[in-house]
**Q** 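Please read through the structure below; I'll follow up with questions.
Keep in mind the model is a prediction, meaning the values are calculated, not measured. When a residue number appears, it is its place in the shown sequence, counting from 1.
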Amino acid sequence: MVLGNGTQISKFLLLGLSDEPEQQPVIFGLFLSKYLITMFGNLLIILAVSSDPLLHTPMYFFLSHLSFVDICFISTTVPNMLLNIQTQSKVITYEGCIDQMYCFLLFIQLDIFLLAVMAYDRFVAICHPLHYTVTMNPILCGLLVLISWVIGALNSSLQSLMVLRLSFSTVLEMPHFFCELKQVIQHASGDTFLNNIVMYFGVGVFGGVPLGGILYSYSKIVSSIHRISSAQGKYKAFSTCGSHLSVISLFYCTGFGVYLSSATVHSSHSSATASVMYTVVTPMLNPFIYSMRNKDIRRALKKFLWKVSTKGKIVLVLKKCL
């Protein structure tokens with residue numbers, strides 16, 4: 001592929017988390033297990049919500065979408081990393097790098113907006129319970145998800161198009177396990193001032209504005225809970241927000257820590273290791289956080305797994321009879 005200034009580039013080299021050959025099997029096994037756990041856990045959440053009519057509410061509608069996005073999110077980076085370790089190849093094509101970066105930005109943006117939408121849902125449920133069913137109607141819920149997809153696609157397209165104007169060396173080595181926007185811009189040759197402006201503007205607006213909405217929603221929620229007289233009522237109201245708050249804290253603390261780390265001195269490998277937290281660990285922990293702290297999800301999961309096991313036993317008996 002020929003870039004804007006005539007520099008030709010065909011591939012990037014993703015150096016991964018470690019250069020030591022003896023550590024590669026350990027990294028492969030660790031990331032493969034995390035990937036399978038993430039896929040299985042989030043898929044169970046989706047199946048449990050879709051199979052239980054009692055969970056066909058706005059909160060679980062958004063949760064199932066969050067689980068789907070987390071599956072896509074981790075699938076953007078980890079499978080390619082596992083393939084590179086297995087084949088002992090660190091190469092990713094220029095086109096593949098741009099595609100990976102686009103998908104990564106899209107799904108991380110969707111994560112951010114869905115967390116904000118879920119905070120708004122809790123705000124309406126706790127602060128305006130009498131208007132909840134009217135306000136959070138199916139049309140609005142679908143529209144909020146659609147807007148999240150549109151904004152995520154527009155922002156990721158803009159960031160990717162801005163990268164296409166940059167120049168790179170013929171073979172570019174990046175001490176990372178996937179094509180992250182910040183790393184790609186840092187390793188470009190020439191002037192990257194405009195790219196940095198657009199990148200941090202995107203982080204500030206599309207990361208900061210949803211965070212502001214989350215903080216506003218929870219400030220109103222805390223104020224509303226404080227006015228509840230009974231301790232049991234306070235606990236019941238706040239318990240519906242505990243899982244969501246845990247996911248938000250984990251996601252934002254790790255994500256912003258990576259993207260704002262340029263203000264201090266960090267090694268590239270340290271940045272890659274920190275990226276593991278919000279690209280791999282957070283999607284893996286989300287289903288556990290929601291299932292462990294939510295009685296409805298636990299009940300739906302037990303019901304779904306019981307149905308699956310019962311059907312499996314029936315099929316096994318039929319096979320033996322035949």
Side-chain angles (χ1 to χ4, degrees), residues 31-79 82 103-122 125 136-153 156 210 239-248 250-251 255 278-312 315:
F31 274 79
L32 177 60
S33 61
K34 288 181 178 180
Y35 180 70
L36 294 177
I37 291 172
T38 302
M39 295 290 289
F40 183 71
N42 283 289
L43 186 59
L44 274 181
I45 294 291
I46 295 172
L47 293 174
V49 171
S50 61
S51 64
D52 192 338
L54 295 178
L55 297 185
H56 293 175
T57 62
M59 180 174 71
Y60 296 111
F61 172 76
F62 296 132
L63 176 58
S64 61
H65 276 79
L66 181 66
S67 295
F68 172 74
V69 170
D70 281 341
I71 289 174
C72 298
F73 188 26
I74 195 171
S75 298
T76 301
T77 58
V78 174
L82 296 176
C103 292
F104 175 80
L105 291 171
L106 171 62
F107 292 123
I108 194 174
Q109 188 71 73
L110 283 169
D111 253 348
I112 292 171
F113 273 90
L114 285 174
L115 289 174
V117 168
M118 292 172 74
Y120 174 71
D121 173 75
R122 292 299 84 206
M136 300 304 296
N137 58 77
I139 295 178
L140 178 63
C141 293
L143 188 61
L144 289 173
V145 173
L146 178 61
I147 291 174
S148 300
W149 275 93
V150 171
I151 294 177
S156 55
S239 63
T240 62
C241 306
S243 302
H244 187 237
L245 279 173
S246 301
V247 172
I248 289 173
L250 182 63
F251 182 84
Y278 76 97
T279 58
V280 180
V281 176
T282 300
M284 181 185 69
L285 292 180
N286 284 357
F288 292 99
I289 292 173
Y290 279 104
S291 61
M292 287 188 298
R293 298 180 62 91
N294 191 300
K295 294 187 296 183
D296 294 332
I297 289 290
R298 292 201 304 269
R299 175 189 53 78
L301 284 173
K302 290 178 182 178
K303 184 178 178 181
F304 173 77
L305 293 174
W306 182 83
K307 285 182 179 180
V308 172
S309 63
T310 302
K311 289 180 180 179
V315 171

**Q** Only counting residues at least two apart or in another chain, list the ones meeting side-chain contact (heavy atoms from CB on, under 4.5 Å) with K302.
**A**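 Testing K302 for side-chain contact (heavy atoms from CB on, under 4.5 Å), a comparison that skips the adjacent residues, returns none.
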**Q** With D296, which residues qualify under salt bridge (charged side-chain N to carboxylate O under 4.0 Å, His left out), at least two apart?
**A** none
**Q** Quick one: which residue pairs count as a salt bridge (Lys or Arg N to Asp or Glu O under 4.0 Å) with a foot in residues 48-60, not counting sequence neighbours?
**A** D52-R299
**Q** Going through the checks in order, is the side-chain contact (heavy atoms from CB on, under 4.5 Å) test met by V280 and I74?
**A** CA-CA 6 Å; V280 180; I74 195 171; 4.1 Å; yes
**Q** Are side-chain heavy atoms of V247 and S243 found at a separation under 4.5 Å?
**A**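 Sidechains of S243 and V247: no contact.
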**Q** Going by side-chain contact (heavy atoms from CB on, under 4.5 Å), name the residues that satisfy it together with V281, two or more places apart in sequence or in a different chain.
**A**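 Result, side-chain contact (heavy atoms from CB on, under 4.5 Å) vs V281: K34, V276, M277, L285.
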**Q** Under 3.5 Å, side chain of N42 to main-chain N/O of P287, donor-acceptor pair present?
**A** no
**Q** Would you say L106 and W149 make side-chain contact, with heavy atoms under 4.5 Å?
**A**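 In contact.
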**Q** Do H56 and Y60 have ring centroids that are under 6.0 Å from one another?
**A** no
**Q** For residues L63 and N286, determine if any side-chain heavy atom of one lies less than 4.5 Å from a side-chain heavy atom of the other.
**A** no
**Q** Using a 3.5 Å cut-off and no angle test, enumerate the donor-acceptor pairs between side-chain atoms of residues 107-120 and protein atoms at least two apart in sequence or in another chain.
**A**
| unit_1 | atom_1 | unit_2 | atom_2 | d |
| --- | --- | --- | --- | --- |
| Q109 | OE1 | N155 | ND2 | 2.9 |
| Q109 | NE2 | F206 | O | 3.0 |

**Q** Restricting to side-chain contact (heavy atoms from CB on, under 4.5 Å), what partner residues turn up for I147, sequence neighbours left out?
**A** L143, I151
**Q** Could you note down all residue pairs passing salt bridge (Lys or Arg N to Asp or Glu O under 4.0 Å) where residues 55-73 supplies at least one of them, sequence neighbours left out?
**A** none
**Q** Applying side chain to side chain donor-acceptor pair (under 3.5 Å), name anything that partners S33, two or more places apart in sequence or on another chain.
**A** none
**Q** Would you indicate whether the side-chain heavy atoms of I45 and I297 approach each other to under 4.5 Å?
**A** yes
**Q** Side chains of F62 and L144: does their closest heavy-atom pair fall under 4.5 Å?
**A** yes
**Q** Only counting residues at least two apart or in another chain, list the ones meeting side-chain contact (heavy atoms from CB on, under 4.5 Å) with T77.
**A** F104, F177, F178
**Q** Which heavy atom of S156 sits nearest a heavy atom of A153, and at what distance?
**A**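 Smallest heavy-atom distance, with atoms named: OG-O, 3.1 Å.
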**Q** Return the NE2 to SG distance between H65 and C141, rounded to the nearest 0.5 Å.
**A** 10.0 Å
**Q** How about L146: does its CG atom have over 12 heavy atoms from other parts shown lying under 6.0 Å from it?
**A**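 Yes, enclosed.
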**Q** Atom OG in S51, atom CD1 in I46: separation rounded to 0.5 Å?
**A**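 Between atom OG of S51 and atom CD1 of I46 there are 11.5 Å.
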**Q** Between the side chains of Y35 and S75, does any donor sit under 3.5 Å from an acceptor?
**A**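 Judged by distance alone, the side chains do pair up.
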**Q** Kindly indicate whether the side chain of F61, heavy atoms from C-beta on, has any atom under 4.5 Å from the side chain of V145.
**A**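 Side chain of F61 against side chain of V145, heavy atoms only: contact under 4.5 Å found.
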**Q** For the atom pair CG (L44) and CG (L305), what is the distance rounded to the nearest 0.5 Å?
**A** 6.0 Å
**Q** Measure the spacing between CE of M136 and CE of M59 and express it to the nearest 0.5 Å.
**A**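 So the CE of M136 and the CE of M59 are separated by 11.0 Å.
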